Structure formats: C-alpha cells, structure tokens
Amino acid sequence: MEIIIAIASKIGESLVTPLGREFGYSVNYHSNLESLKGEIKKLFDKKDGVQRWVDAAQRNGENIKPDVQSWLKNVNDMIQKVSHFEDEINKKRRCVYRWNLSWKAYKIKQDVLQLQDKGKFENVHPAPPPEIWSTFEKGFKDFKSRMANMNEVMEGLKREEVRMIGICGMGGVGKTTMVKEIITRLAKLNLFDNIVMATVSQSPSIRTIQSEIADKIDLKFDEESEAGRARTLHGRLMHIKRILIVLDDVWAEPNFEAIGLPCGDAHKGCKVLLTSRDKEVCNRMGIQLIIAVPTLTTEESRELFREMVGASFNDPDLRSTAEEVVKECGRLPIAIVTVGKALEKRRKHEWDDALNQLRNSTPVNIPGLDNKVYSSIKLSYDGLESDEAKSCFLLCCLFPEDYDIPIEYLVRYEWGRGYFSSIVTLEDARNRVHSLVDQLKRRFLLLDGGSSETTKMHDIVRDVAISIASRDPHRFLVRSHAENKEWPNLATYDTISLVGDLKIPVGCPKLELLQMMDGRFSKGSMDIIWKAMKELKVLALVGMEMEDLGSSRSPGVLKNLRTLILNGSKFDGMSTDVIGSLEKLEILSFRGCYYMRELPREIGRLKQLRLLDTTNCRNLEVIPHGIFSGLCRLEELYMMGSFDQWDLGTGSEDKGMASISEVMSLSDHLKVLSIEIPHNVIHLLPKDIVLKSPTIKFHIYFGTRARKLMTTTYAFENCLVIDDSDAKELMESQAVRLMLKKSETLALHHVNNFSALSDLDEEGFQDLKVLYLDICPNIKYLVNGTSALFSRRQSVSQLPNSFLTNLRFLQLSYCGALKYAFSLSAVSNLVQLGGLDIGGCDQMEEIVSKHGREHEEANTISFHKLTILNLRDLQSLAGFFQANKLYSNQEETTAKVEHQSAGIFEKAIFPSKCISWFPSLEEVDLSKMEFEGVLFDLKIHIIMDGQTAPTCPQLRKLKITWCTLTHLWKNIPSGFQGFQNLRYLDLKFCSGLDYVFSHLIARKLLNLEEVKIGGCWDMETIVRIPEENEEEATKDMILFPKLNTFELEYLPRLTSLCPAGSTFQWSSTKNMHVYRCEKLKTLGAVIPQRKKLENKSEKDSTSHDFSTSPTRSSNWCPDGCRCIPYSRPNAQRPIEILPRPINQEVTPTNLEDSNDDDNLENLSVIFCNSMEVIFQLKGPKLEESSHSVETFKKLKSLGLLTLPSLTHVWETGSSQPMFAGSSFGNLKSLSVDHCNQLKYLFSSSIVKLLVSVEDIKVKNCEQMEEIVAAEEETAEIITFPKVKSIKLESLPKLKYFCGEAYTLKLPSVELLEVINVQDLRPFDSKLDDTHNPRLQVKPAFRQEWTRYALD
C-alpha cells in the first residue's frame, strides 16, 4: 500500500506542474493573443521604417547590408508563420484547444520580440528634400484654352509610348505657369516616383542644371568635373523607376549626355517635359507630342484684366479705354497682368496715357518676344513712381535667368552706388529696398523667391529689363559664357555683369559696378581691375576661383570702392593686403568663403567700414586681436557659422585672438550683431561685458554648431540661442540679462537650474515672440510665484500684465518636470499666441491648469489667435484642461460630477469645458498619444446671443498619427454646429477607433476634401449611427459631397464606409485608392429602388443581426461550454492577428438617379484578397422602368492589382443594363494585374460604353480566357475607337481577344504588345480597319501573328 501511495505521489508531482502550466495558458489565452497582436503591429511598423530606409538607400545607388536583407526576409517568414497560426486558431475555437494555442502564441511572441530587437540598425535615412510642387506659388488660371492644353499633356504622360513632350509658345504666353500646375496635379496621381525641374535658359550652364536636378532627388556630388557629375547623376536617375524630368525655357537642343540625363530607350521609365519658345527645337529633338500654347481668347483676356484692375474695369468712364488696353496687350497673360497692375486705382488721364504708350512704343528686337509684351512691361516700368524703384528693378536683370536673387545684394549694390543720399543707416536702406521689392512684386515685375529674403525675375521681364538698361542713360552690359560675342565699346558702360568664364573687360573708365559670377581668375587678374576701373564703386565677385586679391602697390588702386563682395569665392585669405588701401570701403562681405582661414589684419585700417560679413566661413580660425577696435563706424557685424575661438580676456596684439570684450566695445555704435560663442566659456566671460546700445539687433548663439537655430536673413529680429548651459551662470552676465530681456526669438536647449521662465526675466519677456524650450530638465512652470535667480521675490499676482503678451509661437520639448504649460491667469496674457507645439514632456498632465486656483473661472478663457496646435508623445496627458479630475473611464470612490444631468465628463484631449476656447484654430496635429479617451468631447453646447456658437469653426486640417483614442467626436448634442470648414483629415496608425465619424458630425463636414486613413487596425466603418439615433439618421443622408481625395490603406477590419440608407458620395472623389482593406464589402451605399423603400426596415432588421441561437445565451462561448463570456458583436467574428479577408464587392452602383457630383477620375483597388466585383451594374428590367442611370462619367484611370477572388470588373444583371452612353465614357486607361479568377475583362455591352479607352494592360491573370466576352443579342462588331496601346502578358489560358462571332475594330491602335501568351489565336480574321502606318507589334509572341497583324 505504501508503495502504491508513493507511486501515486510521484505521478501527482509529475502532473501538477504541466497541468498548472496548461491551466495558466488557458486562463491567459486572450491576453496572449492580444499581446502577440500588439507585438506583431510593432514589428510591422519597424519593418515599414527599415523598408523606407532601404528604398531610399537603393535610390542613392547604395548597397544594402546583408544583415538588413536577412532581417527583412526573416520578418516576411514570420508574417507567413503568424498567418498559418491565425488559420489554426479559427479552426480550433473550442476551449479544449486553448492551452495549446495560448502556448504557441506565447512562443511566437518571443520570436517576434527577438526579431524586433535585431531590427535596430544604426543607419537612418535623412529627410528627403521637399516635394517640388510644394514650393510653387499659385498662379494658374483654369481658362478653357489652357485646360485643353494641360489635359493633353497629362494624357500624353500617361501613355507608355510617349517619352518626350514639348510645350511651345511665344514668350509670356504662360508655359512655365502651366508646367508648374501640371507638376502640382501629377503629384496627386502617383504616375511618377520623382519629378525634377531645371531651368535651361538661353545661356545654359550644365553644372547649374545638374545641381538643380540633384537637389530634387537628394543627390550630393563628390566630383568636381562636369563629366564626373554627369556619370553620378545618370546612375542615380537610372535607379528611379518612374521619373519625369522637366526642362524649362529650352532655346537649343540640350546635351543630355553632358548633363547626365538618360537618352533614347536607356530608361523606359524616364519621361521628359520641356518648354520652349521655338517649335523647331522640339522638332529637331524628335519629340512625339508637341503642344502649342495659344494666346488667351478675348473673353479670357478680359476676365484676367478685370481681376488685375479690380473695380476700375466696370467704371463707365474707363470701359472703352479698358477694352482698348486689353486689345493692345495682345491676349498675352504676362502683358495683361503687368499692365493691369500698373493701372490699378489710376485715374482716367493715366489710363489714356497708358493706352497711348502701348500704341506708340518702339520695342527693340528680342528673339521670341512679342512686341506687345515688350510694350506692356515697358509701360509698367515707366509707371513706377520713383527712380529708386526703377534702379532696383534694373539691378535684378544683372543676375542669371531664374536666379534666386538675394535682396541683400540689392541693398549693398545700391548703397555702394550712393543711391540713398537721404538715408543715414544701412538698416534704413535695407528697409527701403525691401519696400521697393514689395512694390515691384505688386506690379508683377518681380516674383516671390525661394524665401522671404530673395526674389525672382521672370525671364521675359528680364529680357525687357536688359533691353531698357542697355540704353542711355543706364548703359548696362549683361553677358554669360554661352554668348560668344565680341566686346562692344565699353567706354560708356557704367554697369557690367558677367557670368561664367569670361575675360576681364578693359577700357571701362566710367564703370561703377562690376559683378562677376562663377568664373576663374589667374594670378594678377585682380591687378587688372584695380588699374583699369578707377571709378568703380561696387565690386561683386561671387563664386569665383581666385589665386589672390591683387596688391596694394598697384598704381591707381580703387580709391572710390564702397562695396566689396567676395561671397562664395575661393581664396586662402592670406594675400589680402590690398584691402587695407580701400579707404572708402563701407561694405565688405566674405559670406560662404569656406577656404578662408584668417581674417585679413588690414581690415582694421578701414575707418569707413560699416558692414563686415563672414557668415558661414566655416574654416575661419584666426582673427587677430585689435581688428575690431579700429572699426569706429561699424554698424553691422555678421559672423554666424564662422569664427568662435574668442579670447576670454583682453588678449595681446602679437599673439592673442579677438575677444568678446573687443566686440562689445563697438556696441555703442553697432546696430546689428550676429556671432556665436562656445557654451563652455559663458562662466568665464568678464562679468562687466555689456551691450551699450539698447536698440542693437542681435542674433547670438551660445553653444555647439550642431544644434544651432540658424537664420539666413539679414532683416532678423533679436534672437538668442543658448545650448548646454547653467541658468545661474547666465544670469551673472549683465549682457546676457539684457539679451534675454530684449529677445524676440529665444531658444533654450539643455539649460539647467531654472524652475520657471519667469526666473530669467522678472519683467515678463515683453518683446518675446518665439520661444523654444528643449530638454530643460528643471523647469516646472513657465510662470512661478517665486524666483531663485532674482533677489526680489514676487507673487503670481504681482507678475506684470505684459508677461508674454507678444508671444506668437511656443515649443516645449522634453521638459520632464513640466506638469502643465499655462495657469489660467497666464493664459489671459497670451493674446497673440498663434502656434503651440508640445512634445515629449512625460509629466505633463494638462496644457492649462487651475494649479490650486479653483476660484478662477475658465469660461472667459480663449486662445483667440491660436491657429496651429501640435501635441506629441505626452504620456501623462489627461486633457487640454481638466475642469475636474473625474472621468467616466476612471474608478472613483467619490460621487461623480454631473453636468446638466448629462452624466460625468469624458476623458478628452479637448474636454467640453474648453472646447469653445479655439475660435481661430486651423490645424491640429497629434502624434504618439496613447490617450485611450476622446479627442473632442462636445457635451457642453455654447449658446451666444440666442444662437448656437459653432465649435472650431476655422479648423481645416486634422492630422492624427500613432495615437490611441476611443472616439474622435463624442457626446454630440442635438442642434450641434461646428467643424464646418474641415478640409483635410489624415488618420494613420491609430488604435482603439472602430469608426471615424458619428453621422451627426459627418453630415456637418460639407467641405471635407481629402481623407487619408491607414494602419488603423480596429477600424470597422467610416461613418456610424449610434443605436439611439438610428431612426432619425437613416433618412437618405448625403455625406462628403466635396471629397476630392480618398485613400484607405491597411484597414483589415473595415467592412463598410457608411450605414445602409446613406449616400456616401464617393463618386465625387477625383482620386480613390483602396489598399489592403480585406473585409470591405462596399465603397458606396446601396440605394434601394423606390418601389422597395417601404421594405427597408425589414431589410435593415436582418442585415445587422448578430444574435445567436435563441436557445443559447448570447453571452456565452459559441461552443456551448460556458467557459468565458462573449460579447454579442464579437460572437461570430473570427479571431485575427494578421488581416483576414471576407469582403465581396467594391462599388455597387444600382442607383436610380444620376449623381450630379460624379467626379471620380482615378480608382485603384490593390491587395483586397476577397474582392469579387468592382462595378455591379444591375438595373431593373426594361418593362419595369425606363429610367436610365449615368455613373462614373469622369472616370479616367482604373487600376486593379492582386485581387485573387475577383470574378467580374463589370457585373451586369440583364441584357439591357440601365446605363446611358456617358457612363464610363471618359475612361482612358485600364490596368489589370494578378487577378487570377477573372475569366474575361469586358462584356460586349460594356464595350459600347468605353468610347474613350486608349490604353489596356492585362497581366498575370491565370484564368483569363478572353478579353471581350460574348452576350446574347449583341452586335457582331466590337469597336474600340480610341485604343492606341494594348499589352497582354503572362495569360496562359487566353485564346481569344473576343469571340469568333465578332469582328474587332481597332482604328487607332499604335502598339500591340503580346508577351508570354502562347495560345492566343491570330487577329487576322478579327481585325478590321487597322491599316495604320504607325502600327507596331513586338515579336515576343509569334512571327506569323505579327505578320498577320501588320498585313
């Protein structure tokens, strides 16, 4: 007996441990599955990030590390493994399997975690350059004459055989404007992976063209030679699968090989679009499609002119004159715009005079320029009010075509020429020139540049400006190296501009301004200038290669020179003794002279010097002591990005460097100071250093260059950047305290030992406009009642009323001790705040806090001017403002706070208490917010003056990424108004959301134009009707009538877009993209036929039935074992870890009425594994109704990729479908790939609708037997009247293009390409009227087939 007991005991011991483990796995079944699901999502995210890096590296021609490639392969294998495991789970739903499945989930999760850990690669792909279209200024007018041309170009770019397109027309007709609009529209169509643009011009520079293209694709050249750069550029372009190269303003055939552009058929994915004034250039290049842009029509000209001159056009006294002026402008946009702006708000006699000038102007001969254009621009020039404006305008023509002209150059040129006789300081001169440039822009004589500090001149306007400037009394000469012309007589010229390698002009006794760019000087070249140009006042040598600057011993050295600019030129900075002889020099600029290592000591002798600029002289290491102390008239000193090796003491004249004390000694007359000082020497600076002038402008940086807040502007506001410093040490310096007080932009990075911003300026930063606080670990408040850094203490109530009253923008980043941003009392001061960016503050609980001042009312608070709000990675955030700390999703032992009997407050980022604080908010961007609450709680409804006050009435853009939220909008009251201006919604990688809009919100969004939703794994529908509102809401709602772009990606649980009975006007969308939405059943709601409307309730009652058997409780496991309760909605839902498809169809269109907002142009459906039907066209039989339907009238492009369950593209329910002839009548391009259940593409009845199809591509469809399927009672002739290209590839079962009973007509076909289609019958008996001389057939199929087709 004892033996038996002992054996039983051992058996018990051996069973307890595994049984306990099994029980543990069973209990943790759901949590293990959810945990695995969460880790899989993280792995997906990491894989996407690594893949983007790989793609970027491959585009740069870089090799991918083997460990990266191996990791990506392992991740794909893991995805397959999890997919099989998911299938196993759903086959074994009974509880007896759960311990085993739970154990497997746990083991797989461990493997996933290992993969995540191994995916930590050091390489991080740099941010790509901005999209080219994002920099364009809106200027295109959609006139009918322009739209036709533009659409022709767009369609040509879609055609595979068209490789080059030319846009031709006279100067000023609007070619460049049209090209920019085309690029902007192409960006939304995904036709190209990259679009690059370069200006060629009449005098092309290969290096400049190479650089413009390289900048757009983030390519850096290591080679100096043009040939080496061309090889690098060519290699990179060949790695971009689809690229469009835009060449603007082409005068002669570009040398593609010299530039590095792919030639001929070397790159089939490369297309070229160019503009030219000369059609013959396009003809010589063999361009397939040439578009001639005409002038505007008379009515279009009148409309554009009316827009320019405003109300004057309708003045009865001016009407006849206005018509004549429009006529004289020759229907050219540039002439109409410039003349119109010149006449805006002018009196009648000025109009009459303008008309007279237009009629009598005698333009010179400018190639490609219409006389009327010259006359109109000359009129605008003559109409300028001041000689200063005219001089500023003419100076702009000295720069190359399409050049971003720095306005600061104009300032320094005009100052040097002495044009500002009544202006005393450089700052006043700068303000004057900026004012003149703005005036010229308003006249459309100048354009916006790439930044606020640059401007541009249209090439046509530049041509006219050069013509005007070349004649008396100006006498300008503008030349480039591409113009091989003899020098004219230079004796009378006073201004010369030379670009490229050109000889130095001699014999210029009257020359006052010489600008040379991008050339090369040999030794002694500068001496020629010093000797030959004694009257020279301005010398600008920009980007020049020079061996020296000449010698002061040269006779006749330039005694009158006032401005010397050497920006970007290459010289060593040593042979510069000539500078000390320039007695009248007032402006000296070395900006960007990277090779200069020492600042010439001779500068200290320039007693008249007012401006010294060494910005971005990165290698400047030596500034001898004493240089600055001699500059007694210096007004502006710019040294950012250059020297920072300041002597901390007074230094010595022989060995020491220049000191900060020396610079500060100039501050009684210095008006602008821009320098940087290493952060680790702040505590060593003399304590008595002061800024003597209280009005000095400064940009001073204490820190390392790697983190610098850079500025390239010369008209900057006071800016102070402090990096890696101690606040107590800063406050010991009198100069730093003054700069803190006067700063308009302040950036503090990793500054320790201050707990509140008010510690740094007790007067409240009254001038501060922009504030950055980054990694300041000790700051607890922006404003605090006591200060550790000031001897005097004050309470919050004693803080000045002007504290932060000028603040426009605030960024708080990674300030770990901050629990809130503002107190209620501080918010009242933020009357100018327009932008707020807060991120990475782990302890931040709310943005606005009562902070122990509960007696203060929040009802009067408002951020009146806040337009942009960014919140990111705030792990502790409980809401923007916590009216109270009780939430419906928090357990509380105390009583719950009620509001108007509406229940407790929701946990919300924007709680109902503060939802009315944002009357001007335009953009909201949330990222990395695991909030698990509501975004907008709308419970409190504000009533003002008896009217409902709309909520967030100006909000236009809502972007949410990597967030956890339960609802976007909740507690929407009856009669709610708000969000009516929302245009853009971007929702990516968000969890917890099973729908986007409540129907009460959705029906308010009448202006919504763009919706992008992706990676939201819990999303089930887009619009939902709560049960309590269902009866009210299903009355045929019309949703999103202005939707333009609609993208759905990676939404594995999405089953519908809107409830039955609602019309989601997705056909009003121009561009629709659906990718990996594997449960989606329909894109558009089914509208029941009128006679069946009364049965709707019966249909609805069954369509949403989730009930289980009536004999079984719906709250228990469907296996009947009563183990773990199930919720009703999930009772029949398969468990998913990876997406699992069950959807049936995309776009049922059995609509009874025509859709007036039928705007869909592009539709793509990709990787939707269970999609069976795209267009379901089932109309009532003819005897029941004669009502016809027109749908998808504007659809141009249809792309279907990897739809393995697709059986029909068009499914028709009768032999007489109820569709008018314009349905699908604009479809031009159709591509079908990897649709393995598809047996045919069209029925013969559908073919009748496709009157505009030009390109058909069918690939990799295993079951495809014929392209056109036979139907009863159809005609025997099948015609595709406009088809130009047909490509059939890898269709193993394809035997016929159409049935033997049909005759096939392809009157416009140009290309028939058949690849790997072995059983296709010859076309000879079917083809009719195909004797087109352009017909091409590639011999990849059969020679006899090719022969028959060509016969």
Side-chain angles (χ1 to χ4, degrees), residues 45 48-49 127-128 130-131 134 770-774 807-815 818 820-822 830 833-842 844 846-848 863-881 908-911 914-915 917-937 951-969 978-993 996-997 1001 1005 1007-1016 1019 1045 1047 1049:
D45 298 340
D48 289 343
E131 297 289 351
S134 66
V770 177
L771 175 61
Y772 300 90
L773 296 179
D774 181 33
L807 193 65
R808 266 76 163 173
F809 176 80
L810 172 63
Q811 183 181 86
L812 302 173
S813 301
Y814 302 101
C815 297
L818 269 177
Y820 60 87
F822 316 109
L830 303 175
L833 189 65
L836 180 60
D837 186 312
I838 305 178
C841 300
D842 292 338
M844 184 164 289
E846 51 190 337
I847 310 303
V848 177
F863 290 85
H864 290 288
K865 292 191 176 182
L866 188 68
T867 58
I868 297 175
L869 176 62
N870 298 330
L871 303 176
R872 63 189 186 283
D873 198 16
L874 302 177
Q875 301 300 325
S876 302
L877 189 73
F880 196 93
F881 170 68
I909 292 180
F910 296 99
C914 72
I915 199 69
W917 290 1
F918 311 102
S920 303
L921 192 61
E922 295 180 5
E923 296 184 16
V924 173
D925 190 336
L926 305 179
S927 62
K928 298 181 180 179
M929 301 280 287
E930 295 187 9
F931 189 72
E932 297 185 358
V934 178
L935 178 57
F936 297 105
D937 179 13
T951 299
C952 297
Q954 301 303 322
L955 187 65
R956 300 174 63 86
K957 181 177 181 179
L958 181 57
K959 184 176 182 181
I960 308 172
T961 54
W962 298 106
C963 291
T964 301
L965 295 164
T966 60
H967 299 81
L968 295 186
W969 291 271
F979 302 100
Q980 64 269 25
N981 273 309
L982 189 65
R983 301 292 203 273
Y984 178 94
L985 175 64
D986 191 345
L987 195 61
K988 297 290 177 62
F989 305 108
C990 292
S991 59
L993 290 171
V996 182
F997 312 102
I1001 285 292
L1005 306 182
N1007 291 305
L1008 193 62
E1009 296 175 359
E1010 190 166 330
V1011 174
K1012 296 181 179 180
I1013 305 173
C1016 299
M1019 187 75 64
T1045 299
E1047 296 181 3
E1049 296 184 343

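Predicted model only: the values in this text are computed from it and were never measured.
- Atom CD of Q875 sits in a crowded spot, with more than 12 heavy atoms from other residues, nucleotides or ligands closer than 6.0 Å.
- Distance CG/L921 to OG1/T951: 12.0 Å, rounded to 0.5 Å.
- Here CE of M844 is found 10.0 Å from OH of Y820. Values are rounded to the nearest 0.5 Å.
- Of the possible donor and acceptor atoms, one in the side chain of N1007 sits under 3.5 Å from a partner among the backbone N and O of Q980.
- Enclosure of atom NZ in K988 by more than 12 non-hydrogen atoms of other residues, nucleotides or ligands within 6.0 angstrom is indicated.
- Of the possible polar contacts, one joining the S920 side chain to the H864 backbone as a donor-acceptor pair under 3.5 Å is found.
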Distance-only donor-acceptor hits, side chain of residues 953-960, under 3.5 Å, sequence neighbours excluded:
none

Going through the distances and angles, do D774 and Y814 end up as a side-chain contact (heavy atoms from CB on, under 4.5 Å)? CA-CA 6 Å; D774 181 33; Y814 302 101; 4.1 Å; yes
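- Of the residues listed (F881, W969, F918), the one engaging F910 in a ring-ring contact (aromatic ring centres under 6.0 Å, His included) is F918, and it is the only one.
- Side-chain contact between E1009 and T1045: absent, with no pair of heavy atoms (C-beta onward) separated by less than 4.5 Å.
- The CD1 atom of I1013 sits 9.0 Å away from the CG atom of D986 when rounded to the nearest 0.5 Å.
- Put simply, the side chain of E846 does not reach to within 4.5 Å of the side chain of V848, judged on heavy atoms.
- Here the closest non-hydrogen pair linking L1008 and Y984 is CD1-N, 4.1 Å.
- In summary, the aromatic rings of F979 and F997 are positioned with their centroids too far apart to meet the 6.0 Å limit.
- Between F863 and F880, the distance separating the two ring centers is shorter than 6.0 angstrom.
- Side chains of L987 and C1016 form a contact here, defined as non-hydrogen atoms less than 4.5 Å apart.
- With rounding to the nearest 0.5 Å, the separation of OG1 in T966 from CG in L935 is 9.5 Å.
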Checking T961 against R872 for the side-chain hydrogen bond (donor to acceptor under 3.5 Å, both in side chains) test, could you report, in this order, the C-alpha distance in whole Å, the side-chain angles of both residues, the deciding distance, and whether it holds? CA-CA 9 Å; T961 54; R872 63 189 186 283; over 6 Å; no
Tell me, with the steps shown, if I909 and L965 meet side-chain contact (heavy atoms from CB on, under 4.5 Å). CA-CA 10 Å; I909 292 180; L965 295 164; 4.1 Å; yes
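- Between M1019 and V996 the shortest side-chain heavy-atom distance falls below 4.5 Å.
- Atom CG in L836 sits 6.5 Å away from atom CG in L871 (nearest 0.5 Å).
- Side-chain contact check for C841 versus L874: some heavy-atom pair is nearer than 4.5 Å.
- Under the 4.5 Å side-chain criterion, counting only non-hydrogen atoms from C-beta, L818 is not in contact with L773.
- In this structure a side-chain-to-backbone donor-acceptor pair under 3.5 Å is missing from T867 to E922.
- Considering CZ of F809 and CG of L866, their distance stands at 10.5 Å, rounded to 0.5 Å.
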